[in-house]
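First the proteins, then the strands, lettered A, B, ... as listed; each starts at 1. In what follows, every heavy atom counts, from backbone to side chain, and hydrogens, waters and symmetry copies are set aside.
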Protein chains: 2
Amino acid sequence: MKSPSHPRDRGIPEATVARLPLYLRALHGMAERGVATVSSEDLAVAAGVNSAKLRKDLSHLGSYGTRGVGYDVEYLVYQISRELGLTQDWAVAIVGVGNLGRALAGYGGFVSRGFRIAAVFDADPEVVGDDIAGLNVEHIDELEAVIERRGVSIVVLATPAAAAQEVCDRVVAAGVTSILNFAPVVLTVPDGVDVRKVDLSIELQILAFHEQRKAGGPLMAVDSQ
Amino acid sequence: MKSPSHPRDRGIPEATVARLPLYLRALHGMAERGVATVSSEDLAVAAGVNSAKLRKDLSHLGSYGTRGVGYDVEYLVYQISRELGLTQDWAVAIVGVGNLGRALAGYGGFVSRGFRIAAVFDADPEVVGDDIAGLNVEHIDELEAVIERRGVSIVVLATPAAAAQEVCDRVVAAGVTSILNFAPVVLTVPDGVDVRKVDLSIELQILAFHEQRKAGGPLMAVDSQ
DNA sequence: ATCCTTTTGTGAACCGATGCACAAAGTCAC
DNA sequence: GTGACTTTGTGCATCGGTTCACAAAAGGAT
């Protein structure tokens with residue numbers, strides 16, 4: 001069903017998509033330093049990947065390099081940005097203004113990538129009305145109305161675990177189909193809704209696993225016996 | 001080299017390690033609700049994975065289930081905790097007390113998993129001495145001394161991008177071999193040092209990519225599913 | 001003690017991702 | 001224009017991870 005060797009085959013591998021932001025970050029740095037073109041080898045080093053992988057990834061977007069020369073930095077930034085959908089402006093809402101919600105609201109990496117924090121919600125009347133990173137905290141009762149009014153299409157959940165599923169259900173009912181979940185729970189959503197999760201403690205646990213290995217392991221096992 | 005079919009083969013796949021914390025979280029919830037045993041099917045649902053995968057993952061740790069019955073919740077919690085190295089206490093230091101650093105210092109998910117925030121550092125004299133989540137912020141000059149004195153083995157970097165590599169070099173020189181990096185840069189470290197990175201904006205970019213697809217994509221290409 | 005039910009643990013097929021290695025395609029110097 | 005050189009784009013082998021599907025193991029009923 002799919003044309004086997006189409007230059008802009010729509011089926012970009014998930015693993016590639018996950019690396020495109022990495023390339024973009026490296027390219028932005030180069031553009032700032034005035035670099036005009038870059039080879040796959042150099043860009044791969046800057047992004048922390050292997051150059052064959054980088055070239056294969058980029059080839060999924062099309063043939064944007066010049067053999068013998070490399071890639072034009074500006075042009076590649078544009079192509080990757082467009083592919084990721086960063087050439088448009090995304091209205092993002094953050095729900096939950098605890099420590100993490102505040103940190104996210106003030107995080108520069110969002111704004112600089114085409115994301116606009118359009119609203120911030122909390123259930124606690126104590127913080128509703130507060131000013132967080134230049135935004136007025138709104139009451140969670142306004143969730144659906146504000147999402148619709150401001151065209152929010154991506155919601156970031158930074159609520160306590162116990163509240164996450166309920167808020168999730170509400171934003172989904174309001175038409176949101178992309179959710180970034182920081183609450184340590186598995187969210188249940190209908191088909192067609194994308195949920196990505198970030199669990200800060202999981203990464204630390206993975207590090208602990210490897211650290212323990214270096215130190216000798218639970219049974220000081222050298223061999224599996 | 002390695003015994004091919006040993007029940008406690010030390011070589012646990014990376015993908016499995018990354019899911020163990022997920023199982024652990026689900027199991028903790030069950031233990032709290034008084035559940036004594038759980039089938040792979042139920043646990044898989046609670047953790048948001050497929051049950052065959054769950055069983056294969058657990059089989060890498062050993063044979064801890066009972067056919068026809070399932071897994072003993074308490075026992076499995078212990079086995080996974082031990083495998084991940086969470087039965088010991090890990091001293092963690094956080095460098096950088098911006099919004100994110102503060103959020104991390106106050107994050108309950110660390111403490112409840114065997115991680116102890118042993119120190120918090122910043123370079124800004126303005127915040128040094130402040131109290132963050134019950135901890136005294138120390139000056140970055142004290143980095144090496146404090147790491148050694150308090151036996152810190154894992155460092156969390158929440159510094160600005162520009163400072164991350166330098167701090168990284170210093171903690172590595174001080175003997176730290178596990179680093180969790182929140183700064184949006186690729187860190188260069190010697191062999192034997194583990195770096196895991198969390199880039200909050202990458203997840204959002206991946207969501208944007210898929211959201212754009214749903215909406216029609218850059219060239220209005222209809223996805224063949 | 002035997003049969004029936006449940007659920008684990010795993011062999012084997014499958015699938016996607018990785019990395020090597022090289023031909024093709026381009027640049028640059030002369 | 002020619003030849004030397006550089007670097008891309010990709011075919012192919014390989015690898016690790018996922019999923020299916022089922023035999024083996026345990027418990028409960030009679």
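Within the structure, salt bridge (Lys or Arg N to Asp or Glu O under 4.0 Å) pairs that include any residue of residues 164-183 of chain B comprise B:E144-B:R170 (at least two apart or interchain). Sorted pairs that involve residues 38-54 of chain A and meet salt bridge (Lys or Arg N to Asp or Glu O under 4.0 Å), not counting sequence neighbours, are lacking altogether.
Between the CG atom of A:L54 and the P atom of C:dA17 there is a distance of 16 Å, given to the nearest Å. When rounded to the nearest whole Å, the span between CG of B:L43 and P of C:dT7 equals 14 Å. Per the geometry, CG belonging to B:L61 stands 13 Å off C1' belonging to C:dG9, to the nearest Å.
With sequence neighbours excluded, the residues that form a side-chain hydrogen bond (donor to acceptor under 3.5 Å, both in side chains) with A:Y75 are A:Q79. Remark: B:R25 pairs with A:D199 by the salt bridge (charged side-chain N to carboxylate O under 4.0 Å, His left out) rule, at least two apart or across chains. Contacts of A:A31 classified as side-chain contact (heavy atoms from CB on, under 4.5 Å), with partners at least two apart in sequence or in another chain: A:V73, A:E74.
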Protein-to-nucleotide contact annotation, 5' to 3' order, nucleotides 8-18 of chain D [B base; S sugar-phosphate only; - none; under 4.0 Å, heavy atom]: BBBBB----SS
